[in-house]
Amino acid sequence: QVLLVESGGGSVQPGGSLRLSCADSGDSGTYLSVMAWFRQAPGKEREGVATLSITGDRAYYADSVKGRFTISQDKADATLHLQMNSLKYEDTAMYYCAAIRGVWRASRWWDESQYNFWGQGTQVTVSS
């Protein structure tokens, strides 16, 4: 069983930084081919933020976060991270970790229907 657990959310002022983490605390040993971050702001649909292949050779970002957010994975324990810099009010959302088991379509990395596993989310609030 895959159990994704996010951490690192919180409140921050505009221009500040946060680092989110996502760990698989399950014990299935399931091979995950892709891990990603999605977010959902109040009253809006969930959207893809960034995706990283497990091999680390492919990363994709939403245009709204390019140059500000960086997705990475700790090879030692496979923990997924999202470093968020220069945060804006519009980054306020619940952030979810997600993962794909098996084959995926990189051209549709933002399509949540591809993702087999989801975390419970961690809240990020940007306010002054």
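Counting begins at 1 with the first residue of the sequence. Everything numeric here is computed off the predicted structure, so don't read it as measured data.
- Linking ILVMFWY side-chain heavy atoms closer than 4.5 Å, directly or via other members, places Val2 and Leu52 in a single hydrophobic cluster.
- Contact of the Tyr89 side chain with the Ser128 side chain is registered, since non-hydrogen atoms from C-beta on lie closer than 4.5 Å.
- Using a distance-only test at 3.5 Å, with no hydrogens or angles considered, a donor-acceptor pair links the side chain of Asp24 to the main chain of Leu3.
- Residues Leu82 and Phe38 do not share a hydrophobic cluster, clusters being chains of Ile/Leu/Val/Met/Phe/Trp/Tyr side chains in contact below 4.5 Å.
- From Thr70, atom OG1 reaches atom NZ of Lys66 across 13.0 Å, with rounding to the nearest 0.5 Å.
- In this structure, Gln114 contributes its side chain and Arg108 its backbone to a donor-acceptor pair below 3.5 Å.
- Minimum interatomic distance between Asn85 and Ser17 (heavy atoms only, all atoms of both residues): OD1-OG, 2.9 Å.
- At a cut-off of 3.5 Å, with distance as the only test, no side-chain donor of Ser127 or Thr125 sits close to an acceptor on the other residue.
- A 4.5 Å side-chain heavy-atom check between Trp37 and Cys97 finds at least one atom pair inside the cut-off.
- Not a single side-chain hydrogen bond (donor to acceptor under 3.5 Å, both in side chains) links Ser11 to another residue, sequence neighbours left out.
- Contact between Ile71 and Ala36 at its shortest, heavy atoms only, is CD1-CA, 4.3 Å.
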### Message
Using the rule given for side-chain contact (heavy atoms from CB on, under 4.5 Å), can you reason through Leu87 versus Phe69, listing the C-alpha separation, both sets of side-chain angles and the distance that settles it, and then say yes or no?
### Response
CA-CA 9 Å; Leu87 282 161; Phe69 291 10; 3.8 Å; yes

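- The hydrophobic cluster containing Leu18 does not contain Met94, counting ILVMFWY residues as joined when their side-chain heavy atoms lie under 4.5 angstrom apart, directly or transitively.
- For the pair Tyr96 and Glu112, the minimum side-chain heavy-atom distance is 4.5 Å or more.
- Both Val126 and Tyr61 are members of a single hydrophobic cluster when ILVMFWY side chains are connected at heavy-atom separations under 4.5 Å.
- Checked against the 6.0 Å centroid threshold, Trp110 and Tyr60 do not count as a close aromatic pair.
- Nearest approach of Thr79 to Ala23, heavy atoms of both residues: OG1-CB, 4.1 Å.
- To the nearest 0.5 Å, atom OG of residue Ser21 and atom CG of residue Leu80 are 8.0 Å apart.
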### Task
Go through the steps for Val5 and Gln120 under the test side-chain contact (heavy atoms from CB on, under 4.5 Å), then give the verdict.
CA-CA 7 Å; Val5 180; Gln120 293 299 307; over 6 Å; no

### Message
With side-chain contact (heavy atoms from CB on, under 4.5 Å) as the criterion, how do Thr51 and Tyr115 come out once you've worked through the C-alpha distance, each side chain's angles and the decisive distance to 0.1 Å?
### Response
CA-CA 11 Å; Thr51 289; Tyr115 293 81; 2.9 Å; yes

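- Looking only at distances, a side-chain donor or acceptor of Glu6 sits under 3.5 Å from a matching main-chain atom of Gly121.
- Within the 3.5 Å criterion, the main-chain N or O of Ile100 finds a donor-acceptor partner in the side chain of Ser33.
- Between Ala62 and Gly48, the closest heavy-atom pair is CB-O, 3.4 Å.
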### Message
Arg39 vs Glu47, test: side-chain contact (heavy atoms from CB on, under 4.5 Å). Steps then yes/no.
### Response
CA-CA 5 Å; Arg39 68 184 181 186; Glu47 63 174 356; 2.7 Å; yes

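- The shortest distance between side-chain heavy atoms of Cys22 and Met35 falls below 4.5 Å.
- Neither Phe117 nor Trp109 shares a network with the other; the hydrophobic side chains, linked directly or stepwise wherever heavy atoms of I, L, V, M, F, W or Y lie under 4.5 Å apart, form separate groups for each.
- Between Ile54 and Tyr31 the shortest side-chain heavy-atom distance falls below 4.5 Å.
- For NZ of Lys75, the number of neighbouring non-hydrogen atoms (other residues, nucleotides, ligands) closer than 6.0 Å is greater than 12.
- With Gln83 contributing its side chain and Arg19 its backbone, the two residues share no donor-acceptor pair below 3.5 Å.
- Using a cutoff of 4.0 Å between basic side-chain nitrogens and carboxylate oxygens, Asp91 and Lys88 are not scored as salt-bridged.
- Judged purely by atom type and a 3.5 angstrom limit, Ser53 uses its side chain to pair as donor or acceptor with the backbone of Arg58.
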